[in-house]
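Working notes for the structure below.
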Number of protein chains: 2
Amino acid sequence: MNESEFSAHYDPTKFERPSVAVDVVLLSIDLTDSLCAVLVRRKEHPDKGAWALPGGFVRIDESLDAAAARILNEKAKLRRVFLEQLYTFGAVHRDPRTRVITVAHYALVDFRRLAASYAHVSDDLVVARLDVPWSGEAGGAVRTLDERAKPLRLAFDHARILGLAVKRIRGKLNYAPIGFELLPEAFTLFELQRVHQAVLGRKLNKDSFRRKILASGLIEPTGAAQTNVGHRPPALYHFLKEQGANHG
Amino acid sequence: MNESEFSAHYDPTKFERPSVAVDVVLLSIDLTDSLCAVLVRRKEHPDKGAWALPGGFVRIDESLDAAAARILNEKAKLRRVFLEQLYTFGAVHRDPRTRVITVAHYALVDFRRLAASYAHVSDDLVVARLDVPWSGEAGGAVRTLDERAKPLRLAFDHARILGLAVKRIRGKLNYAPIGFELLPEAFTLFELQRVHQAVLGRKLNKDSFRRKILASGLIEPTGAAQTNVGHRPPALYHFLKEQGANHG
DNA sequence: GAAATAGTGTCTTTAAGACAGTATGTG
DNA sequence: CACATACTGTCTTAAAGACACTATTTC
């Protein structure tokens with residue numbers, strides 16, 4: 001039997017198969033320096049009325065990353081944002097309808113970009129503040145709150161997925177340049193510090209933060225500075241070249 | 001429409017679905033202190049005769065972790081080893097037959113346990129030495145070599161999966177107690193150092209390694225020491241309690 | 001006692017935290 | 001000029017690398 005004969009013989013319908021979906025944890029830092037995520041209200045059973053991560057089924061002719069990018073564009077009208085695979089959730093009954101394995105991704109975006117696209121999308125989208133009940137990289141579920149600090153009920157296992165996304169970016173922040181993904185093109189060192197603080201959920205030492213970031217060689221002054229700030233204007237910086245290589 | 005009516009109405013066959021598989025990167029440190037992985041010779045097309053990671057399809061009634069544990073038991077006769085999800089590979093044509101998404105896992109095991117089970121499994125299994133052509137956590141594919149240092153051809157995208165597994169454990173070694181998973185119950189500090197060196201692919205400073213490990217509080221002297229070693233016998237240590245919590 | 005590695009003590013180097021003090025905008 | 005925050009320089013502290021020195025087994 002040669003290879004083409006084998007391919008013809010192979011019968012993929014022999015196995016009863018799970019469905020494969022992609023969910024996207026779209027994270028940002030709001031104007032109050034809180035970590036937040038985009039949620040979609042479920043209009044259908046199960047968990048009708050609860051809030052869920054933007055998601056959808058993977059098409060037979062698209063990669064996982066392409067599916068995640070498509071969902072991000074369909075649900076939040078965002079393109080070209082930082083997007084990485086997070087973890088694949090495959091508990092047998094995580095979706096009560098049928099077996100659904102979901103490849104969770106996380107995305108990071110500057111809040112101003114999110115707010116701009118937000119105006120154009122449906123009312124069933126919300127940017128929920130995250131309440132992380134653990135410190136460091138302990139991990140666990142997170143709570144989601146609306147603008148009046150009322151809890152939002154999450155569908156399926158999405159509280160765990162959100163929690164894992166927070167844990168992942170907390171860990172990644174220490175060795176990878178991802179803070180910049182949550183900021184506009186030009187930013188001040190203190191804005192970057194506030195982003196780090198929002199992600200890590202704790203205050204950072206200003207002096208050593210400056211030293212470490214400047215020593216990293218990842219950013220460069222633009223030459224410009226902020227104006228109309230009521231005090232000495234901080235210098236603006238921008239992130240240097242990206243050298244990241246993704247998987248998938 | 002209430003929830004049970006909806007569930008009855010939901011038709012999962014509407015979508016053409018990918019197959020979902022699990023592959024396991026089973027890693028160990030051999031007697032020459034080289035990082036190595038278990039490979040299976042493919043007996044069927046495609047890539048017949050090439051070497052592949054142990055893998056198989058996910059059953060409709062088992063979780064991803066359960067599938068990985070089953071494969072580990074079926075192919076290498078190993079139970080109760082450290083096993084974690086690695087990454088999900090979903091490129092459209094990664095398998096030429098049909099769309100197969102694979103949830104890659106990695107496992108760590110003491111070489112003596114592997115060698116003991118190795119005797120009972122088929123000749124189509126090999127423990128291949130890994131040749132990692134990059135340093136640190138740069139990432140990329142790895143090469144696999146047999147006992148005579150001859151390259152083994154890898155099937156599909158398995159060289160990339162192996163590379164990602166190496167990258168992952170290199171990163172994880174710095175903050176998680178995974179070195180112990182590659183050692184027997186009792187071990188000396190220098191044995192642990194050699195494991196770290198094999199994983200990281202570089203020499204470590206003996207003094208600071210001792211200090212760091214002892215200060216971590218993760219290990220405890222057993223009270224015993226090695227004997228018949230031709231020099232001052234090193235104290236034996238054992239890993240304290242596990243407090244790890246998995247996902248999935 | 002020689003050989004070989006285990007284990008200890010101390011000096012140096014490096015990075016982070018603390019903090020004082022200067023710089024430069026807005027009002 | 002007052003105020004607020006940006007930015008700089010120095011001291012302290014903690015951890016890692018280097019290295020000298022002692023300890024304990026086998027042969």
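Order of the sequence lines fixes the chain letters, A, B, ..., with proteins taken first and strands second; residue numbering starts at 1 for each chain.
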Is the B:Y87 ring parallel, tilted or perpendicular to the B:F89 ring (thresholds 30°, 60°)?
perpendicular

In whole angstrom, what separates A:N228's CG from D:dT5's P?
16 Å

Just to be sure I understand the geometry, which residues of residues 188-199 of chain A put a non-hydrogen atom under 4.0 Å away from DNA chain C?
none

How about B:R153: does its CZ atom have over 12 heavy atoms from other parts shown lying under 6.0 Å from it?
yes

B:D65 and B:S63: side-chain donor and acceptor closer than 3.5 Å?
no

Scan A:A215 against the nucleic acid and name what it touches under 4.0 Å (heavy atoms): base, sugar-phosphate only, or nothing.
nothing

Check for a donor-acceptor pair, side chain of A:S117 on one end and backbone N or O of A:K77 on the other, with a separation under 3.5 Å.
no

Just checking B:A235: base, sugar-phosphate only, or nothing, at a heavy-atom cut-off of under 4.0 Å?
sugar-phosphate

Pick the closest DNA chain D nucleotide for B:H231 and for A:H231 by heavy atoms, then say which residue is nearer the 5' end.
A:H231

Please tabulate, for side-chain N and O atoms in residues 221-231 of chain B, each donor-acceptor pair with protein atoms closer than 3.5 Å (sequence neighbours left out).
from: B:T222; atom 1: OG1; to: B:A224; atom 2: N; distance (Å): 3.2
from: B:T222; atom 1: OG1; to: B:L236; atom 2: O; distance (Å): 3.2
from: B:Q226; atom 1: NE2; to: B:E191; atom 2: OE2; distance (Å): 3.2
from: B:H231; atom 1: NE2; to: B:V229; atom 2: O; distance (Å): 3.2

If the sugar-phosphate is the primed atoms plus P, OP1 and OP2 and the base is the rest, what is the B/S/- string for nucleotides 10-21 of chain D, using protein heavy atoms under 4.0 Å?
B-----BBBB--

Would you say A:K206 reaches C:dA18's phosphate, i.e. side-chain N/O to OP1/OP2 under 4.0 Å?
no

Are A:L218 and A:I213 close enough that some pair of their side-chain heavy atoms sits under 4.5 Å apart?
no

Give a yes or no on whether a salt bridge exists between A:E84 and A:R168, defined as a side-chain N under 4.0 angstrom from a carboxylate O.
no

Rounded interatomic separation in angstrom, taking CD from A:Q226 and P from D:dC7
10 Å

Result for 5'-nearest mapping on DNA chain C, choosing between A:G230 and B:L236, is B:L236

Looking at B:T88, B:D23, B:D157, which hits side-chain hydrogen bond (donor to acceptor under 3.5 Å, both in side chains) with B:T102?
B:D23

Please determine whether a side-chain nitrogen or oxygen atom of A:R232 lies at a distance below 4.0 Å from atom OP1 or OP2 of D:dC7.
no

Between the side chain of B:W134 and the main-chain N/O of B:G140, is any donor-acceptor distance below 3.5 Å?
yes

